[in-house]
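Below you'll find the structure, written out as structure tokens, and then a few comments.
Here is how names work: the chains are called A, B, and so on, in the same order as the sequence lines, proteins then strands, and each is numbered from 1. The model shown is predicted, which means the values in this text are computed figures rather than measured ones.
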Number of protein chains: 2
Amino acid sequence: MKKLLSTKQQQFLDIIRRHVLIYGQSPSYTEIMDVLGFSSLGTVNWYVKTLIKNGYLNRTGTSNSKRALTLTETHSVSPRLPLLGLIAAGTPIEALENSESVEVPAPFVHPDNFVLKVKGNSMINDNIEDGDYIIVRKTQAAESGQAVVALVNGEATLKRYYPKTNQIELHPRNPDYPVIYINETDNFQINGIVLYSFREY
Amino acid sequence: MKKLLSTKQQQFLDIIRRHVLIYGQSPSYTEIMDVLGFSSLGTVNWYVKTLIKNGYLNRTGTSNSKRALTLTETHSVSPRLPLLGLIAAGTPIEALENSESVEVPAPFVHPDNFVLKVKGNSMINDNIEDGDYIIVRKTQAAESGQAVVALVNGEATLKRYYPKTNQIELHPRNPDYPVIYINETDNFQINGIVLYSFREY
DNA sequence: AATACTTACGGTTAACTTACGAGTATTTAG
DNA sequence: CTAAATACTCGTAAGTTAACCGTAAGTATT
């Protein structure tokens with residue numbers, strides 16, 4: 001019977017999981033210390049000992065092996081994100097019922113990220129075409145210059161976001177197409193920031 | 001349970017993978033030493049011994065065989081492929097000196113695969129633009145309909161490949177652009193098949 | 001018989017793990 | 001509300017190992 005984890009302990013395990021995903025090796029004690037804001041290695045060691053005792057962590061190799069912490073949970077084999085819907089310019093985003101998921105590069109694995117599949121060639125002015133996939137981070141706010149998935153009067157679009165004093169400018173990737181200007185009379189909502197797009201041949 | 005690789009060890013394997021892809025043979029110890037900036041062959045030997053012990057490397061042939069290192073292709077935790085060069089339509093492929101590597105989805109990790117970065121907007125008719133990356137499988141032969149990276153009279157291009165009886169047709173992704181016809185007077189060579197393309201925002 | 005390469009050995013350093021003792025918050029039991 | 005247990009933190013220091021260096025002898029190829 002496993003003991004339940006405290007919030008801090010879960011956080012501790014998350015750090016390790018994430019580090020392994022991104023760098024392919026578990027973090028050193030010092031690295032964990034920095035990330036969690038500890039000022040002592042003893043604290044890290046206390047967590048390690050506690051988590052090993054309770055069956056959430058393992059040390060591989062001999063004692064004193066470096067970066068040898070591994071999670072005991074059956075860690076998800078390949079990094080995937082849920083495919084939440086279909087997107088086409090000029091229509092609302094179409095949600096998908098059945099929960100598919102798509103293989104993505106490990107650093108994009110994050111609870112707020114999801115994948116959309118592009119339908120039709122209506123996004124050609126953003127150099128996105130039928131069948132492409134985009135990885136989106138769900139958020140309402142964006143920085144100037146970021147690529148966003150947004151709903152303008154209920155219609156989906158993928159553009160770079162430039163807020164100005166009186167209006168919002170949406171720039172397509174392809175400079176041959178016009179800039180869209182949003183003012184107060186328009187219904188405008190950011191769905192998320194575009195992080196990555198890919199295409200399988 | 002395989003030991004995880006350190007960053008340096010991953011880099012070490014990348015060097016070998018890269019060298020095999022470019023030159024068709026594994027690098028000598030001295031060459032590895034130079035690329036990684038070591039000043040001792042002992043260091044190279046230490047890496048080789050360690051990586052063989054942990055099951056990431058093999059020596060083919062008898063002992064003392066030259067350039068006999070081969071990768072045991074396991075799905076490494078952080079899947080990466082070497083970035084071999086820059087490609088722009090209408091010019092030869094430009095090799096990159098320093099050995100970078102790029103994170104890719106795990107299924108694309110394969111000893112014959114590599115990544116090219118697209119330079120300039122000259123491939124816009126293939127819906128590929130400046131800064132995009134493509135994953136290519138090194139091969140001389142392609143099936144009809146596959147997307148290939150090819151050299152036509154010394155100039156790189158990315159097209160779909162359709163061999164016909166008397167000539168070869170190269171179709172761009174964008175149907176608004178013309179089909180290219182290759183005949184015996186042209187110098188034509190397939191560099192590889194395009195598997196995937198991606199873009200970071 | 002020279003050249004290019006692999007393999008071996010011993011030594012150094014910085015990075016890393018591990019142990020210990022003690023102190024402070026936070027939760028639980030009476 | 002108060003004591004006691006538990007969760008968490010600190011600082012330091014000893015012990016190990018990964019990652020280097022230099023050199024040199026052994027082995028195949030030309």
Side-chain angles (χ1 to χ4, degrees), chain A residues 1-16 19-20 23-72, chain B residues 1-16 19-20 22-71 76-78 99:
Chain A
M1 189 61 178
K2 272 188 182 178
K3 249 190 153 180
L4 288 181
L5 289 168
S6 72
T7 316
K8 294 250 182 143
Q9 289 170 353
Q10 287 181 34
Q11 211 183 341
F12 192 93
L13 291 178
D14 281 343
I15 299 281
I16 297 177
H19 201 278
V20 170
Y23 301 103
Q25 53 175 162
S26 76
S28 72
Y29 282 32
T30 320
E31 285 166 352
I32 297 175
M33 190 180 88
D34 291 343
V35 173
L36 288 175
F38 298 151
S39 52
S40 169
L41 284 169
T43 308
V44 178
N45 193 232
W46 177 83
Y47 274 96
V48 171
K49 264 169 33 183
T50 311
L51 289 168
I52 288 180
K53 196 179 66 193
N54 294 337
Y56 289 97
L57 266 185
N58 276 329
R59 257 191 275 256
T60 61
T62 67
S63 74
N64 262 316
S65 285
K66 287 158 194 208
R67 300 178 181 275
L69 298 176
T70 56
L71 303 176
T72 52
Chain B
M1 188 67 178
K2 264 189 182 177
K3 252 190 151 179
L4 294 180
L5 290 168
S6 74
T7 319
K8 292 267 184 120
Q9 287 170 353
Q10 291 179 34
Q11 212 183 339
F12 192 93
L13 292 178
D14 282 343
I15 300 280
I16 297 177
H19 201 279
V20 170
I22 298 180
Y23 303 104
Q25 56 176 359
S26 78
S28 71
Y29 283 32
T30 321
E31 285 166 350
I32 297 175
M33 190 180 87
D34 291 343
V35 174
L36 286 175
F38 298 152
S39 51
S40 168
L41 281 170
T43 308
V44 178
N45 193 232
W46 176 83
Y47 274 96
V48 171
K49 266 172 27 185
T50 311
L51 289 169
I52 288 180
K53 195 180 68 192
N54 293 337
Y56 290 98
L57 216 49
N58 275 330
R59 257 191 275 256
T60 61
T62 67
S63 72
N64 267 315
S65 289
K66 288 162 191 201
R67 299 178 181 277
L69 298 176
T70 57
L71 302 176
S76 71
V77 193
S78 171
S99 65

- Could you run down nucleotides 24-30 of chain D 5' to 3' and tag each one B, S or - for protein heavy-atom contact under 4.0 Å? ---BB--
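- In terms of heavy atoms, A:Q11 sits closest to A:L36 at NE2-CD2, 4.0 Å.
- One finds no side-chain N or O of B:Y47 lying less than 4.0 angstrom from the OP1 or OP2 phosphate oxygen of D:dA18.
- Here CD of A:E31 is found 11.0 Å from CD1 of A:I15. Values are rounded to the nearest 0.5 Å.
- Within the structure, every side-chain polar atom (N or O) of B:T50 is placed at least 4.0 Å from both OP1 and OP2 of D:dA19.
- Residue A:T43 is in base contact, counting any heavy-atom pair closer than 4.0 Å across all strands shown.
- Note: B:F38 and B:Y47 meet the aromatic proximity criterion, with ring centroids under 6.0 Å apart.
- Contact between the side-chain N/O atoms of A:K8 and the OP1/OP2 oxygens of D:dT9 is found at a separation under 4.0 Å.
- Tested against A:I16, the residues A:V48, A:L51, A:T70, A:L57 include a single side-chain contact (heavy atoms from CB on, under 4.5 Å) partner, A:L57.
- Atom CD of A:Q9 is separated from atom P of C:dT27 by 13 Å (rounded to the nearest Å).
- In this structure, CG of B:L57 is placed 11 Å from P of C:dT7, rounded to the nearest angstrom.
- We find that CZ of A:R59 is positioned 13 Å from P of D:dT17, with the value rounded to whole Å.
- Between B:Q10 and B:L5, the closest heavy-atom pair is NE2-O, 3.5 Å.
- Using a 4.0 Å cut-off, some side-chain N or O of A:S39 falls inside it from OP1 or OP2 of D:dG11.
- Residues A:I32 and A:P27 come closest through the heavy atom pair CG1-CG, 3.6 Å.
- Screening A:T43, A:V44, A:T50 for a side-chain contact (heavy atoms from CB on, under 4.5 Å) involving A:W46 leaves a single residue, A:T50.
- Atom CH2 of A:W46 is separated from atom P of C:dT17 by 19 Å (rounded to the nearest Å).
- Residues of residues 26-35 of chain A having a heavy atom closer than 4.0 Å to DNA chain D: none are found.
- Here C:dT12 presents its P atom at 20 Å from CZ of B:F38, a figure rounded to the nearest Å.
- For the pair A:N58 CG and C:dT17 C1', the computed distance is 17 Å after rounding to whole Å.
- Across every non-hydrogen atom of B:R67 and B:Q25, the tightest pair is CD-OE1, 3.2 Å.
- Comparing D:dC21, D:dT9, C:dA19 against the side chain of A:N45 picks out C:dA19 as the nearest.
- Remark: P of C:dT7 and CZ of B:R67 are 13 Å apart, rounded to the nearest angstrom.
- Atom CD1 of B:I52 and atom P of C:dT6 are 12 Å apart (whole Å).
- Nearest approach of B:S26 to B:A68, heavy atoms of both residues: OG-N, 3.6 Å.
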